[in-house]
Amino acid sequence: MKQRITYLVEDPDSFTPEQLQVKDGSLSLIGLKAVQEHRVTFTLDELPTELRTSLKQWRELHIKWASHKPYTAIPPFTSRVSPGLHVSFTRRKSETTGQLCELIHTFFDPAAKCSSGPDANEVATPLFQVDEDGKQTASASLQYYTYLPHLTHFASFLSSNLCSASSQCADHAASLQDASSFDIDYTPSSRTLTLTSLTTPPSSGWKTLIPAPSPDRPGDTTEVGVLTHEPNPDPEDLAFAGFLTTLGPDAAPKPTRFQAPARHYPLPASSRDLAYSASFATPTGLHPTLELSFSPAGRLAPPDESCGLYAHLTLPSALFLDRYQFSDPLFLASKNLVSLRHVTGATDLEAPDWVVPQWGSAALVQLALPEQSPKDANTTASIPLHLRYLPAAPRAHTLVPAPWPVVFWACDMAQDPSGNPFDRVNLGYETAFAPGTRFMHVPPATGNGTAELVSWIAVPVLDTSAAGWVEMGTIGVVVAAFAGLCWVLFSGGGKREVQQDKKTQ
Amino acid sequence: MALSAFFGSSRGVFSTAILLRAIFLVYGLFQDTYSPMKYTDIDYFVFTDAARFIAQGQSPYHRDTYRYTPLLAWLIYPTTWPGFWFSFGKILFAVGDIITGWMMFRILRAYHNMSQERALRYASIWLLNPMVATISTRGSSEGLLGVFVTALLWAVLAKRIALSGFLLGFAVHFKIYPFIYGASIIWWLDNDRIHGRKSSTSPEPVSFTNQTISFLNPQRLALTACSLVTFMGLNVVMYLAYGWPFLDHSYFYHLIRIDHRHNFSPYNTLLYLNSSPKTDVNTSTQPSLELERLAFLPQLLLSAVLIPLFLSKKDLPSTMLAQTFAFVAFNKVCTSQYFLWYMMFLPYYLPESTLLRTRSVGVSALILWVLGQVFWLQQGFQLEFNGHSTFVPGLWASGILFFVVNTGILGIIIRDVQSKDALTGERNAVIDKKKA
């Protein structure tokens, strides 16, 4: 087991090396205000047999979870996914059972919408995939999503089933509940399982002791880096300076400095403080319109001319978009949209929610930029969505979560970012772009009462508590009408007077 | 009087009808070009997309929600050509409207013995009806059906049996529901009708065999054969060309569909309620009888059996109106374009109807018919755009109310058609025997 713990100091001026102390191979942090990335890598041999066997059924498995609570992302951790649990995977051909749903229900959420039918393709939907010309092609990889506000179930499952009396493991599992994002990546080619969590610091900073790995497990290593983001030396690189400590061997933190090209990049200085917020135009009705507004509006300028502004939407099955609506240029222009680049998943225009087997749909929408003076321009993009009928319930409305989309500039990039130690892939939208694409994320607005990065839509449903007489009422009226008409038919014609009595009912 | 002068000239009425559609078409082009809100019906984009697939040698069913015969996409093939050709389909549908109106005019003249002015007046219910003109110029294909159904009626009245059979088979292939007309046409085609009216007075020994033999007259057999051959022939050709998706989308979809989205049908709320999975296990609701599965029974009994049997020999066009009215009112799905299906028969029925003769009845029927829709639309708007949960009682009650109004109107229509017999004294004997 290899642990790599990286702290990215939020405010470099507040950091002093005295906040790090190495004693007996362990590292103490004293009031360190830094974002923590905790990455644990297991080789397959280190895993319990049961878990290893079940992992082998996947050709590839990537789970990305993001919290619904807003957090500030600092480089190199600027990549984002919509709040909730995203699973992307490739299966081994022989396996067709409900492995995916078992995984979701056992580890994350026993109530998640996932019907364990015979074929996971029904629940999961293809990932975006483009060929060299940028055209959408069939993808072997599938995706699944469910809105999951917290990792409580996963954390308790982990500590009660896999931690086997290791208090450090249990602590780590419990700490997942504070994480802003959490990734699990399984790649058979490297025979490793990697768990990565990202956590913002407690208000007083990190006060913690990171112990050296136990000497009776010689394979284990723990590496801790405390870094600050350095000013930009090269436009496509990210540079960091700070201290690295390999717990155990190192007697003191070693100074370090390095730079690497990055796939996910912060906004340039010209767009500093730019943020978006998502909301639904009210009343939402059955056709809610997702509105993405940017502020300060004047900062909404492309980092370079190769860039396009995109929103990646993850829509639970209750929500869907009608791709045919996105074909009229006038309509798109009136919504500040350029085009619907891709859509995959449950896009049936008529089906009610309960007959849709898929988790939902994912869409990539290119947003239009204000043309001239961005300061006065309307910088709100509107994405028209529709609601499916939801099951009748003993209430008038059912709440449906609409996770905020991921909004980013996609730009051309000259260098290959794969050497970056913080490179994060399989987020669901990169495959919709050419390999040499750089993502500059527009963060969601955190201030002004943004309590969570998810909007809840009240969907009107048939209230069963008031519908007790619907069945008998309907049938009664239909039978009476039928009988009445039969009576008119059988009673014969020729009596015009009778019409006068009948008139209209 | 200026109005009667207007209706005195067929040129005037038809020019106005054409002009009305031309204005709507041009206005539609204008609105589509300059407004993100489109005049063109969403279905028209479905048809034209399907035509584009056909032009590329693919199946029209590659277009989501294309649930029609491939013939429709073929008919509007020119819409795939560039520029103005996109509107070809709408022009075709509008021309179809006019042809329908012209056939109505001819039928009224020839078979209802109307004067030219009177015939034009009643044909104008269709020709100058803004609702009809809007539907076709927005690009909905419902109006096109008017051509086939009216042509069918004309061919039947003219006793062109082979042509009638062909049109019936074609119409059923096109839109399924016209199969109900098969029943009334066949029942109407009795020997008296074929050989002139006097023969019914000659007393003949009545036995079951004799009745069967006289029922299976050559005309009935020919009509049945022609319509079946046309219907199955078209299906076989389409199946060979487009395979399973053709059957699935043009037929099976319509047979098994449960339209949960709110519509005028009285069954709508019940279908939503009973098809929806029970989310709350704790509240033990009483088990449903699932009687909505039998919804086709009253609908088909009325529209395809009872109404044809009791009425068609008295007045075929009005019987077809009553059948269509019953079919639409008792259908599990009902939207306003379905109203066009029965509107195309109004010109034959209205002239001698209670609705026109007794003004109070006619006006109250019209007001109630409109009010029923207004009430429903208001509830639907509250649901669709304001998100109010108006399913119960609002939408349910307004759907039921509209259904009750429709039933009342249908009752008047049925009684009117029945009483025609009494006035003219035709063929009461046959019906009476049947009843006994």
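Chain naming here is simple, since letters A, B, ... match the order of the sequence lines and numbering starts at 1 in each.
- Residues B/Ser184 and B/Gln323 form a side-chain contact, since some pair of their non-hydrogen atoms from C-beta on lies under 4.5 Å apart.
- Of the listed residues (A/Asp328, A/Leu485, A/Asp463), the one with the most heavy-atom contacts under 4.5 Å to chain B is A/Leu485.
- Contact detail for B/Ser275 and A/Trp354: the closest heavy-atom pair is O-NE1, 2.9 Å.
- Of the possible polar contacts, one joining the B/Asn263 side chain to the B/Cys334 backbone as a donor-acceptor pair under 3.5 Å is found.
- Of the residues considered (A/Pro460, A/Ala467, A/Ala466), A/Pro460 shows the highest number of contacts with chain B, using heavy-atom pairs under 4.5 Å.
- Between B/Phe402 and B/Trp369, the ring planes are tilted. Angles from 30° to 60° get that label.
- For the pair B/Lys313 and B/Trp187, the cation sits on the ring face: its NZ or CZ lies under 6.0 Å from the ring centre, inside 45° of the axis.
- With hydrogens and angles ignored, the 3.5 Å screen pairs no side-chain donor or acceptor of A/Thr474 with any backbone N or O of B/Tyr267.
- Between B/Arg67 and A/Glu350 there is a salt bridge, since a side-chain N of the basic residue sits under 4.0 Å from a carboxylate O of the acidic one.
- Chosen from A/Leu332, A/Leu286, A/Thr282, the residue pairing most often with chain B at heavy-atom distances under 4.5 Å is A/Leu286.
- If you measure heavy-atom distances from B/Thr33 to chain A, the contacts under 4.5 Å come from the backbone alone.
- Side-chain atoms of B/Gln299 come within 3.5 Å of backbone N or O of B/Phe327 as a donor-acceptor pair.
- Among B/Leu297, B/Leu306, B/Ile42, the residue with the largest count of heavy-atom pairs under 4.5 Å with chain A is B/Leu306.
- When heavy atoms are compared at a cutoff of 4.5 Å, A/Tyr324 approaches chain B solely by way of its side chain, counted from C-beta outward.
- If you measure heavy-atom distances from A/His397 to chain B, the contacts under 4.5 Å come from the side chain alone.
- When heavy atoms are compared at a cutoff of 4.5 Å, B/Phe385 approaches chain A by way of both its backbone and its side chain.
- Using modelled atom types, one side-chain atom of B/Ser389 and one backbone atom of A/Val461 make a donor-acceptor pair closer than 3.5 Å.
- B/Phe330 touches chain A through its side chain: at least one heavy atom from C-beta onward sits under 4.5 Å away, while N, CA, C and O do not.
- The contact between B/Ile307 and chain A is made by backbone and side chain atoms together, counting heavy-atom distances below 4.5 Å.
- For the options A/Thr284, A/Ile457, A/Leu330, heavy-atom pairs under 4.5 Å to chain B are most numerous at A/Leu330.
- Annotation: maximal heavy-atom pairing with chain A below 4.5 Å, among B/Leu395, B/Asp49, B/Thr269, B/Asp64, occurs at B/Asp64.
- For the pair B/Ser312 (side chain) and B/Thr319 (backbone), a donor-acceptor distance under 3.5 Å is absent.
- Judged by distance alone, with hydrogens and angles left aside, the side-chain atoms of B/His262 form no donor-acceptor pair with the main-chain N or O of B/Asn268 at under 3.5 Å.
- Inspection of non-hydrogen atoms places A/Leu387, A/Arg388, A/Tyr389, A/Leu390 of residues 382-390 of chain A under 4.5 Å from chain B.
- Of the listed residues (A/Asp348, A/Val477, A/Val479), the one with the most heavy-atom contacts under 4.5 Å to chain B is A/Val477.
- Under the side-chain contact (heavy atoms from CB on, under 4.5 Å) criterion, B/Asp32 pairs with B/Lys38, B/Tyr39, B/Thr40, B/Lys90, not counting sequence neighbours.
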